[in-house]
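Order of listing sets the numbers, starting from 1, for every ligand and every atom in it. For clarity, every value in this text was computed on a predicted model and none was experimentally measured.
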Amino acid sequence: MTTSTPSARERLVLPLDVPTLSEARALVAELSGEVGVFKVGLELFTAEGPRAVEAVLDAGARCFLDLKLHDIPATMAGAVRSAVRLGVHYLTLHAAAGPEGLARSAEAAAGSDTTLLAVTVLTSMDAAQLAATGHAEPPASLVERYAALAIESGVPGLVCSPEECRALRARFGEGPVLMVPGIRPAGSDVGDQKRIATPAEAIAAGASLLVVGRPIRAADDRVAAARAVVAEIQGALS
Ligand code: C5P
């Protein structure tokens, strides 16, 4: 896990939400000078496997493997060891996997360059969806419960919406890495995101890393769009 303070560029995460390696490679080639981290998610990893991670690492960028692990502790720890061997810098797992799975995963990543990030409550889950899965607790307090469980189990980071950053910083301090999607620069298309913030707002709320996908990928000039986000992050940091 890196302990030095990341630069504005290192805080920008571009999701490779594309189905093929050739499309992913083209995005990495175009944007590796502007973006610090590329996210490989379930769609690309299921199609192309570790070659997608290698495409990111070979370009000299950092890789966030967003697989949201949730299984029995031994299987989770084994998957974490495999991700560490691949050389990914960030890896997600579900806090709902429970304290033993989280702790075994944290042990498997200890001393490596892979920072584990816990997903608390998926932003697609509202009170009705949660009730159907047996959770009577409101989403916001469930987020804090899962966050506490992850941190107490030795997981050093969390994925959260911009809205949750302040409460999580207030409760857990500056220590946890907060990886934050749902970022929309002023004036860009909101798309299907519901709880959004601008890059500057998210940094001010305590985000460590910002996941910005379509506002950059769909731009006519992707390099300029990425540079504008980095400049906004820089402005909010200084
Ligand atoms: O294109 P956009 O900026 O909305 O992409 C956001 C990325 O972050 C997507 O890869 C999406 O799957 C991911 N994500 C999210 N909300 C979450 C967790 C992950 O948007 N709660």
Parallel, tilted or perpendicular, as decided by the 30° and 60° cut-offs, for the rings of Phe64 and Tyr90:
perpendicular
Looking only at protein heavy atoms, what sits closest to atom 2 (P) of ligand 1 is Arg184 NH2, 3.5 Å
Which atom of Cys160 lies closest to which atom of Cys165, heavy atoms considered:
SG-SG, 3.8 Å
Provide, to 0.1 Å, the distance between atom 20 (O) of ligand 1 and the closest protein heavy atom, together with that atom's residue and name.
Gln193 NE2, 2.8 Å
N/O separation below 3.5 Å, Arg214 to ligand 1
yes
Which protein non-hydrogen atom lies closest to atom 7 (C) of ligand 1, naming both residue and atom, and how far is it?
Val211 CG1, 3.8 Å
Looking at ligand 1, would Asp17 count as a contact under a 4.0 Å heavy-atom criterion?
yes
For the 3.5 Å polar cut-off, considering only N or O atoms, please tell me whether Thr123 and ligand 1 meet it.
yes
Look at atom 19 (C) of ligand 1 and say which protein heavy atom is nearest, naming residue and atom and giving the distance to 0.1 Å.
Pro181 CG, 3.9 Å
Pairing of Arg214 and Asp192 as salt bridge, 4.0 angstrom limit
yes
For Gly206 versus Leu178, what's the shortest heavy-atom pair and its separation?
O-CD1, 3.7 Å
Residues Arg217 and Arg222: closest non-hydrogen pair is O-NH1, 2.9 Å
Asp189, CG: over 12 other non-hydrogen atoms inside 6.0 angstrom
no
How close do Ser124 and Gln129 get, heavy atom to heavy atom, and via which atoms?
O-CG, 4.1 Å
Which of these, Gly41, Gly182, Gly213, has its nearest heavy atom closest to atom 3 (O) of ligand 1?
Gly213
Atom 13 (C) of ligand 1: the protein heavy-atom neighbour that sits closest, reported with distance to 0.1 Å:
Lys39 NZ, 3.9 Å
